[in-house]
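Report on the structure given below.
As the structure is a computational prediction, the values presented were derived from the model and not from experiment.
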Amino acid sequence: MVTLYEIIKFLTFPGALLKGFLEHLFCRIYKVPVEYSDYMQRNELCGHTEHLLAPHKGSFGICFGPHIIMLLLGLAITFPASVNLFYFGTFSWLSVILLYVGVSFLVNCFPLVEDALNMWDELFSGASKTVSKVCLAVPAAVMYAGAYLERYCVSLLTSLAFAYALPFIIGWIVG
C-alpha cells in the first residue's frame, strides 16, 4: 500500500509539493518545530512535512489551513477545465493540463493521519470549549476521514470522480 501511495504522490507532484510547502508554512505560523522538510520523500511522509505534534490551536490550524487552501485552489483550477472537457465536450490541451493540476491539488489536500488524530484529540480534550467543539466538529470529521482516504489511496479516485461530476453538480444547482 505504501508503494501505491508513493506512486500516486509522485504522479501528482504539483499538489504534493504545494501541500508540503503549506504545511511547512503553517508549522512556522504556529511555531511548531519542523524536523525534516523534504517534501518528496520515499515513505508515507511524501508530500508532507515531518514536524512535532502541534499543541491545542496549532493542531487544527496545521490541518485545516493547508486543507482549505489546497481545496479552494483545486476547485478553482478544476472547475473550468472539467466544464470544458466534460460538460461542453470540447478538447484542448490547456484544459487537460489544468485538470491534471487541479486534481493533483484535490488529491493532496488532506493531512496525515497522525496530524488528524492529534487534531481530533486536542479538539475533544477537556481543555476545549463547548462552542469550539460544536463549530469545528464537522470540519474535523471531514479532515479525519479524508486523511484515511488519502492513506489508503482512495483520494485519487474520489478526486477524479468529483472532477467529472463537478460541472453537472454546479449546473444542477444553478438551474
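Taking every heavy atom of both residues into account, Val107 and Glu150 meet most closely at O-OE1, 3.8 Å.
Between Phe64 and His67, the ring-plane angle classifies as tilted under the 30° and 60° cut-offs.
Salt-bridge annotation for Lys9 and Glu44: absent, with no side-chain N of the basic residue lying under 4.0 Å from a carboxylate O of the acidic one.
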Item to check | Worked verdict on Tyr39 versus His24 for side-chain contact (heavy atoms from CB on, under 4.5 Å) | outcome: CA-CA 9 Å; Tyr39 304 146; His24 195 150; 3.2 Å; yes
Checklist entry - Under the side-chain contact (heavy atoms from CB on, under 4.5 Å) criterion, do Ile62 and Cys27 qualify, and how do the steps go? => result CA-CA 6 Å; Ile62 289 174; Cys27 283; 3.9 Å; yes
Checklist entry - For Ser82 and Leu99, what are the C-alpha separation, side-chain angles and deciding distance, and is it a side-chain contact (heavy atoms from CB on, under 4.5 Å)? => result CA-CA 7 Å; Ser82 63; Leu99 187 68; 4.2 Å; yes
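No donor-acceptor distance shorter than 3.5 angstrom exists from the side chain of Thr78 to the backbone of Leu75, with no hydrogens or angles considered. Formation of a donor-acceptor pair under 3.5 Å by the Thr158 side chain with backbone atoms of Ser155 is found in this model. Without hydrogens or angle criteria, Asn108 side chain to Thr12 main chain gives a donor-acceptor distance under 3.5 Å. The main-chain N or O of Tyr36 is never found under 3.5 Å from a side-chain atom of Glu50 such that the two would form a donor-acceptor pair. Without hydrogens or angle criteria, Thr49 side chain to Gly20 main chain gives a donor-acceptor distance under 3.5 Å.
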Can you give the donor-acceptor pairs under 3.5 Å from side chains of residues 113-121 to other protein atoms, not counting sequence neighbours?
from	atom 1	to	atom 2	distance (Å)
Glu114	OE2	Arg151	NH2	3.2
Asp115	OD2	His51	NE2	3.2
Asn118	ND2	Ala54	O	3.1

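Hydrophobic cluster membership is shared by Val83 and Val96, with clusters built from Ile, Leu, Val, Met, Phe, Trp and Tyr side chains linked at under 4.5 angstrom. Residues Leu160 and Tyr164 share a single hydrophobic cluster, defined by chaining ILVMFWY side chains whose heavy atoms lie under 4.5 Å apart.
Remark: Phe110 CZ to Tyr144 OH distance equals 14.0 Å, nearest 0.5 Å. Expressed to the nearest 0.5 Å, how far CG of Leu71 lies from SG of Cys109 amounts to 5.5 Å.
For the pair Phe105/Lys19, no side-chain contact is recorded, criterion being any heavy-atom separation below 4.5 Å from C-beta on.
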